[in-house]
**Student:** 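Structure incoming, see below.
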Amino acid sequence: MTAHATFEEAIRKSELISADLSKNPQKYRVLTGDRPTGPLHIGHYFGTLANRVRLQNSGLESLILIADYQVLTDRDSVGQIAANVREILLDYLAAGLDPFKHKTIIFAHSAIPELNQLLLPFLTLVSVPELERNPTVKDEIKAAGLNIINAAMLMYPVHQAADILFCKGNLVPVGKDQLPHLELSRKIARRFNERYKNIFPEPDALLSEAPTILGLDGSQKMSKSRNNAIFLGASEDETAKLIKSAKTDADRQITYDPETRPEVANLLRLISLCTGQTPVQVADQIGDQGSGKLKALLTDSLNAYLAPMRKRRLEFAKNPGLVSKVLNMGNQRAREFAIKTLDEVRGAMGMIYG
RNA sequence: AGGUCGCUAGCUCAAUUGGUAGAGCUUCGGAUUCCAAAUCCGAAGGUUGGGGGUUCGAGUCCCUCGCGGCCUGCCA
């Protein structure tokens, strides 16, 4: 099957599942996650976080992974990891993920030894060239400018397979770039089932139509490392300052044209996400008032949109005990899955001796 | 384990026979601009991996320790 055909197939299946979600939420267990390299920004929010909250609220069991070990795939040090984990927890809670009201489990790699142990048999189901061929990994190595590739970087898609399969997750919301990883997870599940015993589901992709949010420099995806991001927890003044620094163009007449005016289009799209208007409507409203007006409007819209989240975030920040409880609770529940699955795996492999 | 090369600003790298540690990019500020970008001007940024020694003087030479790359080997 060609890559394109695979993609078409993934879209088709994703649409079928999407239609089924509200009818049969109990059929699905969702896994997503983030590397704790810093606080989350509005690209994360509009790209995935909002969708996770939506899935949670429609009754799906959702596991959210803080992939702390994977911080080290492209750097030598974890940095202020404890602070970063805390910031991400605050972002999750502020965005509306709620382990107390919903079937949501927030947990960390490092707290689940059984999950990581699954990695070992999984690694034997994958060949080295298969890992080296992964286009997303190749891109990430290139983007990070790595001249030394550590083994964890090469095998992190296998680690992801363990993340998904330890809890028998069957639905993974992803962007197009993550499809190769999910394909590998499916392959690993299939090979394990074939070689030992049928215990793993083959997880499906839920392709989001979420727009990619460009950074404030307008040329690349928003990301912390490119220093072009607005953090969810930023103050209103910081947000205003960052938006003011965004790249635009010299044309005073504001139009929505993603092809020729990607920077302006990106700002219009952000307003659209905050207000519910279409980008074209926003552009018409600004007319010939220029990018200054566009930025003022975005600043007001975004600050207003994020205000309730930021308020919640500040309140959670005052309650570190509650934040710790969220993670401890999630770790405990995730670990129960992991212990159970590892037992099954060892049984299937004939590795229970005593 | 052996051989070898390396460690200088946030990043990439300079620094003559031993003689005041610099540049580019990034960051920050200013000019400019409807706002930006680009451009121009300016600023910040360092115990030269740690320690010791030689010397009037060490990034540079010597010793030592640490960390890392590559090559070869060994082991489960």
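Note on naming: letters A, B, ... go to the chains in the order of the sequence lines (proteins, then strands), and numbering restarts at 1 for each one.
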**Student:** With a 3.5 angstrom cut-off on both distances, give the Watson-Crick or G-U wobble partner of B:C34, or none if there isn't one.
**Tutor:**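 The base-pairing partner of B:C34, which may sit in any strand shown, does not exist here.
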**Student:** Whole angstroms only, please: what is the NZ-C1' distance between A:Lys241 and B:A36?
**Tutor:**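 Rounded to the whole Å, the gap is 14 Å.
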**Student:** In the structure shown, which nucleotide is the Watson-Crick or G-U wobble counterpart of B:G42, with both distances under 3.5 Å?
**Tutor:**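 By the stated definition (distances under 3.5 Å), B:C28 pairs with B:G42.
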**Student:** Which part of the nucleic acid, if any, lies within reach of A:Ala250 when heavy atoms closer than 4.0 Å are counted: base, sugar-phosphate only, or nothing?
**Tutor:**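 Here A:Ala250 touches the bases of the nucleic acid.
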**Student:** Rounded to the Å, how far apart are A:Lys295 NZ and B:C35 P?
**Tutor:** 9 Å
**Student:** Any strand counts, and the cut-off is 3.5 Å on both contacts for Watson-Crick or G-U wobble. Which nucleotide pairs with B:U17?
**Tutor:** none
**Student:** Would you mind reading off the distance between A:Ile254 atom CD1 and B:A36 atom P, rounded to a whole angstrom?
**Tutor:**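 About 14 Å, once rounded to whole Å.
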**Student:** Let me know the distance between CG of A:Asp249 and P of B:U33, rounded to the nearest Å.
**Tutor:**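 In whole Å, B:U33 P lies 17 Å from A:Asp249 CG.
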**Student:** B:U60 pairs with which nucleotide, Watson-Crick or G-U wobble, both distances below 3.5 Å?
**Tutor:**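 Because no pair has both required distances under 3.5 Å, B:U60 counts as unpaired.
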**Student:** State whether the side chain of A:Arg310 and the backbone N or O of A:Ala234 hold a donor-acceptor pair below 3.5 Å, judged by distance alone.
**Tutor:** yes
**Student:** Using 4.0 Å as the upper bound for N to carboxylate O, is an ion pair formed by A:Lys187 and A:Glu130?
**Tutor:** yes
**Student:** Let me know the distance between CG of A:Asp217 and P of B:C25, rounded to the nearest Å.
**Tutor:** 17 Å
**Student:** Would you measure the distance from the P atom in B:G66 across to the matching atom in B:U54 and give it in whole Å?
**Tutor:** 23 Å
**Student:** Give the rounded distance in Å between these two atoms: CZ of A:Arg252 and C1' of B:A36.
**Tutor:**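 Nearest whole value for this atom pair: 13 Å.
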**Student:** Pick the C1' atom in B:A44 and in B:U27, then give their distance to the nearest Å.
**Tutor:** 9 Å
**Student:** Sort out the partner of B:G2 for me: Watson-Crick or G-U wobble, both distances under 3.5 Å, none otherwise.
**Tutor:**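 Partner of B:G2: B:C71.
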**Student:** Taking NZ in A:Lys103 as the centre, count heavy atoms belonging to other residues, nucleotides or ligands within less than 6.0 Å. Is the count above 12?
**Tutor:** yes
**Student:** Considering only the P atoms, how many Å lie between B:G50 and B:G59, rounded to the nearest integer?
**Tutor:** 11 Å
**Student:** If the cut-off is 4.0 Å, is A:Lys244 near the phosphate of B:A36, judged by side-chain N/O to OP1 or OP2?
**Tutor:** yes
**Student:** Would A:Asp91 and A:Arg312 pass as an ion pair if we require N to O under 4.0 Å?
**Tutor:** no
**Student:** If I pick the P atom on B:U16 and the same atom on B:C61, what distance separates them, to the nearest angstrom?
**Tutor:** 10 Å
**Student:** Would you say A:Gln178's side chain and A:Gly175's backbone share a donor-acceptor pair under 3.5 angstrom?
**Tutor:** no
**Student:** How many whole angstroms separate atom CD of A:Glu263 from atom P of B:C35?
**Tutor:**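 One finds 17 Å between P of B:C35 and CD of A:Glu263, rounded.
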**Student:** Mind checking who B:U47 pairs with, Watson-Crick or G-U wobble, both distances under 3.5 Å?
**Tutor:**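 Here B:U47 is not engaged in any pair, so there is no nucleotide opposite it.
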**Student:** Counting only N and O atoms by type, is there a donor-acceptor contact under 3.5 Å from the side chain of A:Asn266 to the main-chain atoms of A:Leu214?
**Tutor:** yes
**Student:** So A:Asp288, base contact, sugar-phosphate only, or nothing? Heavy-atom distance under 4.0 Å.
**Tutor:**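 If one applies the 4.0 Å heavy-atom cut-off, A:Asp288 turns out to touch nothing in the nucleic acid.
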**Student:** Roughly how many Å is it from CG in A:Leu242 to P in B:A37, rounded to a whole number?
**Tutor:** 12 Å
**Student:** In the structure shown, which nucleotide is the Watson-Crick or G-U wobble counterpart of B:U55, with both distances under 3.5 Å?
**Tutor:** none
**Student:** Given the C1' atoms of B:G6 and B:C74, what is the spacing between them in whole Å?
**Tutor:** 25 Å
**Student:** Rounding to the closest angstrom, what is the interatomic distance between B:U8 and B:G42 at atom P?
**Tutor:** 29 Å
**Student:** At under 4.0 Å between heavy atoms, what does A:Ser245 touch on the DNA or RNA strands: base, sugar-phosphate, or nothing?
**Tutor:**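 Sugar-phosphate only.
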**Student:** Can you tell me, in whole Å, how much space there is between the C1' of B:U12 and that of B:G45?
**Tutor:**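 Result for the C1' pair: 16 Å, nearest Å.
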**Student:** B:U48 and B:G10: how far apart are their P atoms, nearest whole angstrom?
**Tutor:** 13 Å
**Student:** Of all heavy-atom pairs between A:Pro173 and A:Asn51, which one has the smallest distance, and what is that distance?
**Tutor:** CB-ND2, 4.1 Å
